[in-house]
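Some notes on the structure that comes next.
What you see is a predicted model, and the numbers here were worked out from it, not measured in a lab. The chains referred to below are lettered A, B, ... by the order of the sequence lines, with proteins before strands, and numbering in each begins at 1.
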Amino acid sequence: MAAEHRYDPAEIEPRWQRVWAEEGTWEVSNDLGGDPKSYVLVMLPYPSGEPHIGHLKVYAVGDAVAHFHRRAGRRVLNPMGYDAFGLPAENHAIKTGQHPRDSTEAAIEEFRRQFREWGLSIDWTREFGTHEPRIYRWTQWIFLELFRRGLAYQKEAAVNWDPVEETVLANEQVIDGRGERSGALVEVRQLKQWFFRITDYADRLLAELQTIRWPEHVKTMQRNWIGRSEGAEVVFHNEELRADYPVFTTRPDTLFGATFFVLAPEHPDVLRLAEGTSHEAEVREYVNRALTADKALRGDIDKEKTGVALGRTVVNPVNGEHLPMYVADYVLMEYGTGAIMAVPAHDERDFAFAEAFGLKIRRVIDDPGDPEGELPYTGNGPLVNSAPEFDGVHNREALPAIVAWLEREGKGHASINYRLRDWLISRQRYWGTPIPIVHCPRCGAVAVPDDELPVVLPDVEDYKPRGRSPLAAAEDWVRTSCPQCGGAAERETDTMDTFVDSSWYFLRYCDAANDEAAWDPAIVGRWMPVDQYIGGVEHAILHLLYARFFTKALADLGHLPEEVQEPFAALFTQGMILRDGDKMSKNKGNVVSPQSIVERYGADTARAYILFIGPPDQDADWSDTGVEGMHRFLARLYRLAAEAAGELPGDPLPDELNADDERLLRKAHWAIEKVTSDMSERFNFNTAIAAVMELLNEVTTVKRGAASAGAVRFTLASAASLIFPFAPHVASESYHLLTGDRVWERPWPSPDPRYLETATFELVLQVNGKVRDRVQAPSDASRDELIALARASERVQQFTDGSEVVKEVVVPGKLVNVVVRAS
RNA sequence: GCGGGCGUGGUGGAAUCGGUAGACACGCCGGCUUUAGGUGCCGGUGGCGCAAGCCAUGGGGGUUCAAGUCCCUCCGCCCGCACCA
């Protein structure tokens, strides 16, 4: 019998894929015709080699969501593209000489081939790679729009230099002082670079997190990264140089406790201040050492405090005291003003420094619980040793009064500081979007006119960066004329961070065929925002923050409808696939390739299994035997469908249902309800698939009985319909065998309430909270009737006899708990 | 150090609002069919116990008629941030 209806995915899957490709089943028009829309988007892949198991998982999730939304009656945009610029292809080119375009396009070809083999319901007419000139033309256009509005600018600054990749990196790409990709300790270099003014959007990026449905931990990470602090800027004056040194502090209430003043080693005035003092040589040496030390070591919080006195003082504006100045590497140039007022009594770091250097410590806040308690004290309490009008006032009340006083005296003002820095986008590398700027000795940095876009990446001999962009070697390309004055000029040779490409690709999908513009705002307005975005949590700050910034900036510039303020209305982050509790990696030799699974079991098994292992937002362990279980399940579904289709042609549901029919229909409607809620309220694909398995088990159990052909057929068709989002080929095949219809053209089933209600239910009987018996009870039974059933139970009596019944708790539809006390 | 998540059978996991712990699957044990089988089907499977029953959701305590779920405390693992003034 088994041989008669052998499940052969190698035959079934290509056959249905051909139908979908030939008919353009998953293509969607921008003319929505009044239907509700759903934009379901999985983060675009970086094409390198071939897809790995993580790709299989994330696209299985995305495709399930897309199918579910489609059959719920929405027009679904489910596109695909490639994040094609980037370092791995370029490093490969340095090693082999193969052009990054060739290796990248080979990888894209392989990705596309496998995605089609997986049967993903992609609208392939919208496909693109970010490395195509017809695409990066618009990346350059966006850059120029930002440039023209002052949101892209060039400045010389201390930047992160990755000595292995030989390029600068954005702050977001430096993890624990090391380059994100290379793992090399990052050096500080003073270089002129291009930045995007993301800090202008800090407040909106923070506040508008409230408007989107994202995992709370991702929002928290963005909030921390933006790092908003409220406080005050206070000006300290140095009399010798007649220079003002503003500081940012969140604790202006502790101003009276400032006993010294510290500058960061990078502060531009450090050497000037020390000049001519007896400390000059020592300061010079300290600064040199601090600037060359690597960032990771400097950032260690447990490191002992070091520093050198400058031999100068500043005046504390609130009390006129002269505070000694120091330079110390625990003060960071990147945050605030690169200078701090030190209040050792109420700040742990200042306290450690004061201890190490024997500096004065003055308490200005009492600990209400322990007025003579240990220092440093970072809590709240009444001010002491401050000014007569503030002593005794609680510090949190005094704080605004002190700020107001500073403002009146012109010595400071309320201020807000962010940890977020502007986004450094220049890269001294080859394989990226060229920055469309011409440097003219007379006119400065000039935008390449729009009609000359794209500035096409020139071919070069040597991809190896040598402290400057490889593009600099393309001399004919570099030499050009100034678009403004026509004089001799040179092209910018740096390329853009690849995160620029992925900051707008989701807009392009909406209007992918547009040759006249990056997109038509009206069309983008029909699709945006992305209703469900799906991807890895590793992009929690980088990509997801940049894309939000781009969306807001482009809306401000009038290129997006005003109501499009957030790119991704809902976000789902999927967990990793592990093997034996470990990450899969070539080094460990524990890699399972999607290709091998698909070849062996078919795409349906691979996709359904990966969603069945566990909740998709959690990490999951791959099991070679587990995948066979899924294959058996799909084979059983196919076989039962094929048998039923052959044996029982076209039977409708009978008018009179027998007990087995009733049982099948109840289970079917239960499963419809369960799968629907698992998919719409949560992303619980594992329990949804389990429900379909239960449904199929019910058919096997009941089949030998007296179930009518129509009921069996309906049940199997329901199972095929419900499993379709996870295993589309075998579901289409089975459904077609049973009904002659195409399952994706059928609306998502809805449960019939008549079959969800039952005349009786299993009443659980407890004595003192322990289950002692289960009996059938009428669904509409009253509390008294349920209690009567409990009392009538022999098993209950056995445990209550000889005891006093204290009370009887009734949970309607569930249980009765008889509470007794030994008498 | 701060913030967040997690801990359930041999394994992955389920238990959605405080109400039947272990759905579904893997694995394992037994049986049947067929044997060319990596097939199919049936039954069993948290632990202890002959049984009645008792015990059991990382440990300990608490609230409650009732706790995997709530509270306190401790332990372990994972993730993020970390000299941010």
Side-chain angles (χ1 to χ4, degrees), chain A residues 1-3 6 175-176 215-218 220-221 223-225 227-229 231 247-251 254 262 264 298-303 305 328-332 334-343 346-350 352-353 417-420 537-538 540-541 578 581 600 609 612-615 617-633 635-636 639 674 677-678 681-682 684 686-694 696-697 700-701 704 762-774 798 806-811 813-820:
Chain A
M1 189 204 281
R6 201 172 68 86
I175 317 263
D176 292 334
E216 210 44 55
H217 69 278
V218 177
T220 303
M221 282 165 76
R223 275 191 204 105
N224 292 342
W225 188 260
R228 180 188 150 106
S229 301
V247 301
F248 173 75
T249 176
T250 54
R251 297 295 303 277
T254 63
V262 190
R298 176 171 166 186
D300 186 356
I301 191 167
D302 296 325
K303 196 184 75 130
K305 295 280 177 288
D329 67 3
Y330 82 94
V331 175
L332 309 174
E334 311 89 84
Y335 189 77
T337 61
I340 61 154
M341 66 172 201
V343 186
H346 304 291
D347 181 281
E348 284 172 17
R349 298 150 301 172
D350 296 344
F353 191 85
N417 220 296
Y418 297 92
R419 186 181 174 281
L420 183 70
V537 74
E538 66 272 17
I541 3 202
L578 309 174
R600 188 154 178 180
Y609 172 64
F612 180 67
I613 330 179
D617 55 339
Q618 286 172 29
D619 291 351
D621 215 66
W622 180 270
S623 149
D624 291 328
T625 51
V627 74
E628 295 191 16
M630 179 56 68
H631 191 253
R632 279 200 290 273
F633 162 68
R636 196 155 68 241
R639 198 179 56 246
K674 170 79 178 155
S677 72
D678 278 350
E681 289 155 32
R682 329 186 279 175
N684 286 11
N686 54 330
T687 51
I689 293 168
V692 184
M693 288 175 167
E694 282 193 56
L696 207 62
N697 289 346
T700 334
T701 312
R704 290 180 307 279
E762 191 181 68
L763 177 69
V764 169
L765 302 179
Q766 296 181 334
V767 178
N768 285 351
K770 290 199 160 136
V771 179
R772 296 302 181 188
D773 203 1
R774 296 156 210 263
Q798 198 180 315
V806 180
K807 72 172 168 183
E808 285 150 323
V809 182
V810 180
V811 183
K814 289 252 160 104
L815 60 80
V816 174
N817 185 16
V818 182
V819 184
V820 297

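Annotation: B:C79 and B:G27 have their P atoms spaced 30 Å apart (nearest Å). Between B:C26 and B:G80, the two C1' atoms lie 33 Å apart (nearest whole Å). Taking atom P in both B:U8 and B:G62, one finds a spacing of 24 Å when rounded to whole Å. Nucleotides B:A14 and B:C2 have their P atoms positioned 31 Å apart, rounded to a whole Å. Rounded to a whole angstrom, the distance from the C1' atom of B:A66 to that of B:G19 is 7 Å. For B:A21 and B:G13, the C1' atoms lie 13 Å apart once the distance is rounded to whole Å. Comparing the C1' positions of B:C24 and B:G9 gives an interatomic distance of 15 Å, to the nearest angstrom. For the P atoms, the distance from B:U73 to B:G1 is 16 Å, rounded to whole Å.
In this structure A:L815 satisfies the side chain to side chain contact (heavy atoms under 4.5 Å, CB included) test together with A:V764, A:Q766, A:V811, A:N817, sequence neighbours excluded. Residues passing the side-chain hydrogen bond (donor to acceptor under 3.5 Å, both in side chains) test with A:S623 are A:T625, sequence neighbours excluded. Annotation: side chain to side chain contact (heavy atoms under 4.5 Å, CB included) contacts of A:Q618 (sequence neighbours excluded): A:P615. Evaluation of the side chain to side chain contact (heavy atoms under 4.5 Å, CB included) rule for A:V331 yields A:V262, A:A264, A:I340 as partners, not counting sequence neighbours. Evaluation of the side chain to side chain contact (heavy atoms under 4.5 Å, CB included) rule for A:I175 yields A:E180 as partners, not counting sequence neighbours. Looking at residues two or more places apart in sequence or on another chain, you find a side-chain hydrogen bond (donor to acceptor under 3.5 Å, both in side chains) between A:D773 and A:S793.
Two residues are said to be in side-chain contact when any heavy atoms from C-beta on lie closer than 4.5 Å; A:V818 and A:L765 fail this criterion. Considering only heavy atoms from C-beta on, A:L696 stays 4.5 Å or farther from A:M693 through its side chain.
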Nucleotides 16-18 of chain B: which of its N/O atoms have a protein N/O under 3.5 Å away?
from  : atom 1 : to     : atom 2 : distance (Å)
B:U16 : O4'    : A:R682 : NH1    : 3.4
B:U16 : O4     : A:K674 : NZ     : 2.6

Show me the protein contacts with nucleotides 81-83 of chain B, counting only N or O atoms at under 3.5 Å.
from  : atom 1 : to     : atom 2 : distance (Å)
B:C81 : O3'    : A:R419 : NH2    : 3.2
B:A82 : OP1    : A:R419 : NH2    : 2.2
B:C83 : OP2    : A:G299 : O      : 3.0
B:C83 : O3'    : A:R349 : NH1    : 2.6
B:C83 : O2'    : A:Y330 : O      : 2.9
B:C83 : O2     : A:K305 : NZ     : 2.5
B:C83 : N3     : A:K305 : NZ     : 3.1
B:C83 : N4     : A:R298 : O      : 3.3

Under 3.5 Å, which N/O atoms of the protein pair with N/O atoms of nucleotides 47-52 of chain B?
none

Can you give me the N/O atom pairs linking the protein to nucleotides 6-12 of chain B at distances under 3.5 Å, or say none if there are none?
from  : atom 1 : to     : atom 2 : distance (Å)
B:G12 : O2'    : A:I613 : O      : 2.9

Mind listing the N/O atom pairs, protein and nucleotides 26-29 of chain B, below 3.5 Å?
from  : atom 1 : to     : atom 2 : distance (Å)
B:C26 : OP1    : A:R632 : NH2    : 2.9
B:C26 : O2'    : A:T625 : OG1    : 2.8

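When rounded to the nearest whole Å, the span between CG of A:L578 and C1' of B:C77 equals 13 Å. For A:L696 and B:A23, the CG to C1' distance is 16 Å, given to the nearest whole Å. Between the CZ atom of A:F633 and the P atom of B:A25 there is a distance of 9 Å, given to the nearest Å. Atom-to-atom, CG of A:N697 to P of B:G43 comes out at 11 Å; the value is rounded to the nearest Å. Atom-to-atom, NZ of A:K807 to P of B:U64 comes out at 10 Å; the value is rounded to the nearest Å. One can place CG of A:D350 at 7 Å from C1' of B:A85, the figure rounded to the nearest angstrom. Remark: C1' of B:A67 and CG of A:N768 are 16 Å apart, rounded to the nearest angstrom. Taking atom NZ on A:K814 and atom P on B:G19, their separation rounds to 7 Å, with Å as the unit.
Distance from the side chain of A:A690 is smallest for B:C24 among the nucleotides B:G40, B:A85, B:C24. For A:R772, taking side-chain heavy atoms from C-beta onward, the closest of the listed nucleotides B:A15, B:C54, B:G40 is B:C54. Among the nucleotides B:A66, B:A14, B:A85, the one closest to any side-chain atom of A:T250 is B:A85.
Going from atom CD1 of A:I689 over to atom CG of A:N684 covers 11.0 Å, rounded to the nearest 0.5 Å. A:R251 CZ to A:M341 CE: the interatomic distance, rounded to the nearest 0.5 Å, is 8.5 Å. A:T701 contributes atom OG1, which lies 10.5 Å from atom CD of A:E694 (distance to the nearest 0.5 angstrom). With values rounded to the nearest 0.5 angstrom, A:R419 atom CZ is found 9.5 Å from A:Y335 atom OH. Atom-to-atom distance recorded for A:F633:CZ and A:Y609:OH is 15.0 Å, nearest 0.5 angstrom.
Here B:C17 is in the syn range [glycosidic angle within 90° of 0]. With its glycosidic angle within 90° of 0, B:G9 is assigned syn.
Shown here is A:E348, whose CD atom has no more than 12 heavy atoms of other residues, nucleotides or ligands within 6.0 Å.
The shortest non-hydrogen separation linking A:H217 to A:V537 is NE2-CG2, 3.5 Å. A pairwise comparison of heavy atoms in A:S229 and A:F248 identifies O-CZ, 3.6 Å as the closest pair. Listed here is the closest heavy atom pair of A:T687 and A:R682: OG1-NH2, 4.5 Å.
Checking side-chain atoms of A:N768 against main-chain N and O of A:V820 turns up a donor-acceptor pair under 3.5 Å.
Counting non-hydrogen atoms under 4.0 angstrom, A:Q766 reaches a base of the nucleic acid. Heavy atoms of A:E216 sit nowhere under 4.0 angstrom from any nucleic acid atom. Looking at heavy-atom distances under 4.0 Å, A:V811 makes contact with a base.
Stacking of A:K305 on the aromatic ring of A:F353 is not recorded, the 6.0 Å distance cut-off and the 45° axial limit not both being met.
For the OP1/OP2 pair of B:G13 and a distance below 4.0 Å, the side-chain nitrogens and oxygens of A:N684 include no atom meeting the criterion.
For RNA chain B, runs of at least 3 consecutive pairs of the Watson-Crick or G-U wobble type, with both hydrogen-bonding distances under 3.5 angstrom, map to B:1-7 with B:75-81, B:10-12 with B:24-26, B:27-32 with B:40-45, B:46-48 with B:53-55, B:58-62 with B:70-74.
Comparing A:G769 and A:P615 by the nucleotide of RNA chain B that holds the closest heavy atom to each, the one mapping nearer the 5' end is A:P615.
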